[in-house]
Number of protein chains: 2
Amino acid sequence: MASIKDVAAEAGVSVATVSRVLNGHPSVSEDARRRVTAAVTALGYRPNAVARSLRTDQTRTLGLVISDVLNPYFTELARSVEEEARALGYSVIIGNADERPDLQDHHVRTLLDRRIDGLLVSPTDGGSPLMLDAARAGTPMVFVDRWIPGVDVPVVRADGREAVRDLVAHLHALGHRRLAIIAGPAATTTGRERVDAFREALADFGLELPGAYIGQGDFQAESGRRVTEGFLDLPEPPEVVFAADNLMVLGALDAVRARGLRVPDDIALAAFDDIRWFVHTDPPITAIAQPTGELGRAAVRALIDRVEGRTGQSVTLPARLVVRRSCGAHPTAVQRSTS
Amino acid sequence: MASIKDVAAEAGVSVATVSRVLNGHPSVSEDARRRVTAAVTALGYRPNAVARSLRTDQTRTLGLVISDVLNPYFTELARSVEEEARALGYSVIIGNADERPDLQDHHVRTLLDRRIDGLLVSPTDGGSPLMLDAARAGTPMVFVDRWIPGVDVPVVRADGREAVRDLVAHLHALGHRRLAIIAGPAATTTGRERVDAFREALADFGLELPGAYIGQGDFQAESGRRVTEGFLDLPEPPEVVFAADNLMVLGALDAVRARGLRVPDDIALAAFDDIRWFVHTDPPITAIAQPTGELGRAAVRALIDRVEGRTGQSVTLPARLVVRRSCGAHPTAVQRSTS
DNA sequence: CTGAAAGCGCTTACAG
DNA sequence: CTGAAAGCGCTTACAG
């Protein structure tokens with residue numbers, strides 16, 4: 001592969017001059033610029049980003065560590081992150097933690113070794129020493145969706161409190177009183193917050209959230225199935241199961257189907273995170289939708305602000321309830337969205 | 001951030017010795033090794049992968065350019081690719097082309113500039129000069145799922161011919177005679193092959209595939225909707241619509257639903273690529289499943305073979321039909337899978 | 001406007 | 001077993 005030296009030789013100038021025209025430096029004669037450009041195309045020269053990074057101490061690359069690529073929510077997040085980053089002149093390298101702290105650490109380490117300019121993380125756990133150290137050491141960092149309390153890092157996320165309250169109001173209006181939740185891992189903020197929001201909303205309606213109605217999931221489909229089976233085995237099963245993410249509701253659906261039960265007649269279902277398929281499931285699933293694209297873009301902007309020395313801000317956007325049929329027929333007054 | 005010099009100073013040895021212990025070189029005294037290790041942990045030193053890459057001319061990184069991250073098929077492919085690569089000591093950087101040739105080129109260029117060791121591509125089109133040049137210039141490369149004819153690059157893919165024939169047999173047995181297809185872009189191999197396989201299978205049953213029954217899609221949901229609307233507007237609409245990927249069938253479902261029609265009573269639906277949600281759609285969707293994980297792993301092995309100087313082989317794995325209810329009730333004899 | 005030279009952080013023959 | 005030194009491909013003050 002042709003190097004800058006080859007280009008310099010071909011153009012009859014020094015490598016310094018080649019570098020200057022490559023980087024659009026103003027003080028280069030028109031003649032030199034023309035010859036360099038010609039040499040570049042003649043040789044099919046492409047600058048070596050590795051060498052450039054070593055020299056400039058910047059990679060124009062952002063790292064994104066997501067909890068699970070198989071989850072459409074994160075996939076959409078990743079897409080908007082890459083899009084915004086690209087628009088701002090950065091590349092992004094994605095690491096998939098698969099909800100495993102060890103894998104998460106592996107990716108953080110790899111990304112740090114590659115000297116990415118900034119790190120976007122949706123932590124799978126309470127934070128490993130590695131990640132905490134990186135944050136303290138001053139690596140530009142921003143948390144998206146999930147975050148780690150007590151660390152001085154901006155957080156970009158959706159607040160689902162209002163939407164969860166709307167959901168509970170909807171369920172209550174439909175006559176449901178025994179509501180259960182499939183929670184995410186307690187080590188994650190979203191795992192805890194969604195249960196808290198649910199519990200508080202229930203309290204507003206004079207309802208309780210008994211321990212038996214809190215199933216411990218891990219944001220993966222299989223745990224949704226397991227927890228739902230447990231609910232169905234209860235002497236008094238819940239009337240509604242609210243899954244804290246879109247994968248666990250898939251598992252819940254599997255479990256309900258395996259028992260030959262029907263939704264919403266025998267049991268109602270709802271989920272956090274909305275995906276396109278929910279319109280076409282049997283029945284269409286009521287869900288809480290996050291402004292995913294906006295979150296991704298805001299996170300990138302906050303991170304790049306930090307990378308470039310500005311102060312990146314935390315951002316919290318509201319989530320919203322999308323009512324469908326999985327919780328039962330409902331008065332049109334409550335209806336926020338039909339599809 | 002501490003550099004190798006700092007470690008050398010701290011350990012009281014030369015940078016050469018530090019490098020040797022870092023790379024597990026045998027000829028280092030036990031004493032030196034101990035002091036270096038101690039210095040490394042004391043300083044929290046992490047080797048700079050950028051510098052190492054520049055020096056060794058290898059990045060231990062593979063590039064993966066997929067057609068669409070929002071498509072669960074590619075997401076699963078990406079996951080298995082990363083997994084296998086990691087097991088073999090490589091990282092992977094994913095580029096999402098969003099089915100756009102220009103974006104694909106952008107990512108190929110970026111990846112090449114970063115001097116990735118090898119490139120895995122699922123081309124969105126017939127191949128840009130950039131990609132063709134890279135292949136000719138000897139960049140280790142492997143095509144997955146889709147490929148470009150006439151280029152000397154191994155191809156790892158699924159052959160859906162048998163499964164498509166099984167699908168047509170299934171449809172024929174159910175009494176369907178007017179079968180239509182939503183095709184992928186003619187510029188992609190999968191866009192063409194699936195139509196060909198469909199046409200051939202129809203011919204085996206004495207059926208034709210009229211031009212009006214071939215809708216031109218682009219592998220995205222919206223095109224599935226548009227094409228399906230066109231089919232429904234036909235004086236004689238098809239009895240079955242077969243979508244060449246899982247996103248377009250989503251659009252088809254949207255279109256059918258918008259007209260108030262029912263599947264399979266009014267129109268039958270089937271798709272290429274199986275996803276977990278198909279079990280829970282209304283009705284469950286009959287699909288052709290690819291051995292996605294296997295494809296990803298085989299592609300990585302073939303690519304790493306090339307990277308490391310061995311001859312990476314092309315691999316073709318069979319796809320299989322998964323019968324559900326979207327094409328109508330069916331004799332259990334034909335049934336390959338229920339869920 | 002232009003070039004010679006230093007240096008980014010590593011690895012690796014080459015000597016000893 | 002160990003170190004001095006060269007060099008990977010760039011960028012960028014410094015002189016001119």
Side-chain angles (χ1 to χ4, degrees), chain A residues 1-37 39-40 43-61 89 91 109-117 137, chain B residues 1-37 39-40 43-61 89 91 109-117 137:
Chain A
M1 187 142 247
S3 86
I4 197 172
K5 277 187 198 164
D6 303 313
V7 177
E10 174 83 11
V13 298
S14 72
V15 295
T17 297
V18 175
S19 177
R20 288 197 189 91
V21 347
L22 255 25
N23 293 296
H25 191 97
S27 48
V28 177
S29 70
E30 199 41 54
D31 177 54
R33 189 179 307 280
R34 237 193 314 269
R35 277 155 58 207
V36 168
T37 316
V40 164
L43 299 174
Y45 170 74
R46 293 255 78 218
N48 183 329
V50 174
R52 182 189 303 218
S53 291
L54 178 61
R55 179 55 228 244
T56 62
D57 199 33
Q58 55 170 4
T59 50
R60 304 276 312 167
T61 301
S91 294
R109 196 181 339 258
T110 307
L111 259 8
L112 256 22
D113 286 357
R114 282 170 181 283
R115 300 301 192 262
I116 44 129
D117 293 340
Chain B
M1 187 141 248
S3 85
I4 197 172
K5 277 186 197 164
D6 303 313
V7 177
E10 173 82 11
V13 297
S14 72
V15 296
T17 298
V18 175
S19 177
R20 289 197 189 92
V21 349
L22 255 26
N23 293 297
H25 190 98
S27 49
V28 177
S29 69
E30 200 39 57
D31 178 52
R33 188 178 308 279
R34 237 192 315 268
R35 278 155 58 205
V36 169
T37 315
V40 164
L43 299 174
Y45 171 74
R46 294 255 78 215
N48 183 330
V50 174
R52 182 189 305 220
S53 291
L54 178 60
R55 180 54 230 243
T56 61
D57 197 34
Q58 55 170 5
T59 50
R60 302 273 320 164
T61 301
S91 294
R109 195 178 343 256
T110 308
L111 259 7
L112 255 22
D113 287 356
R114 284 169 179 282
R115 301 300 193 261
I116 43 128
D117 293 339

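Here is the naming used below: chain letters follow the sequence lines, and residue numbers restart at 1 for every chain.
When every heavy atom of A:Ser53 is checked against every heavy atom of B:Val50, the shortest pair comes out as CB-CG1, 3.9 Å. Looking at every heavy atom in both residues, B:Ser14 comes nearest to B:Ala8 through C-CB, 3.8 Å. Contact detail for A:Val21 and A:Val28: the closest heavy-atom pair is CG1-CG1, 4.0 Å.
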*Tell me, what's DNA chain D's dot-bracket, Watson-Crick or G-U with both distances under 3.5 Å, | for other-strand, [ ] crossing?*
|||.||||||||.|||
_So if I define the base as every atom that isn't primed, P, OP1 or OP2, how would nucleotides 6-16 of chain D read as a B/S/- string at a heavy-atom cutoff under 4.0 Å?_
BBBBBBBB---
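No side-chain heavy atom of B:Met1 sits under 4.5 Å from any side-chain heavy atom of A:Leu112. Counting only heavy atoms from C-beta outward, the side chains of A:Thr59 and A:Arg114 never approach each other to under 4.5 Å.
Look at the P atom in both C:dT11 and C:dA15: the space between them is 22 Å, to the nearest Å.
Straight-line distance from the CG atom of B:Asp31 to the P atom of D:dC1: 12 Å, rounded to whole Å.
Residue pairs meeting the salt bridge (Lys or Arg N to Asp or Glu O under 4.0 Å) criterion with at least one member in residues 14-36 of chain A, sequence neighbours excluded: A:Asp31-A:Arg35.
Checking the phosphate oxygens (OP1, OP2) of C:dC1, no side-chain nitrogen or oxygen of A:Ser29 falls inside 4.0 Å.
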*Check step by step if side-chain contact (heavy atoms from CB on, under 4.5 Å) holds for A:Ser19 and A:Ile4.*
CA-CA 8 Å; A:Ser19 177; A:Ile4 197 172; 4.0 Å; yes
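B:Ser27 comes within 4.0 angstrom of a base, heavy atoms only.
Atom CG of A:Asp57 has 12 or fewer heavy atoms from other residues, nucleotides or ligands within 6.0 Å.
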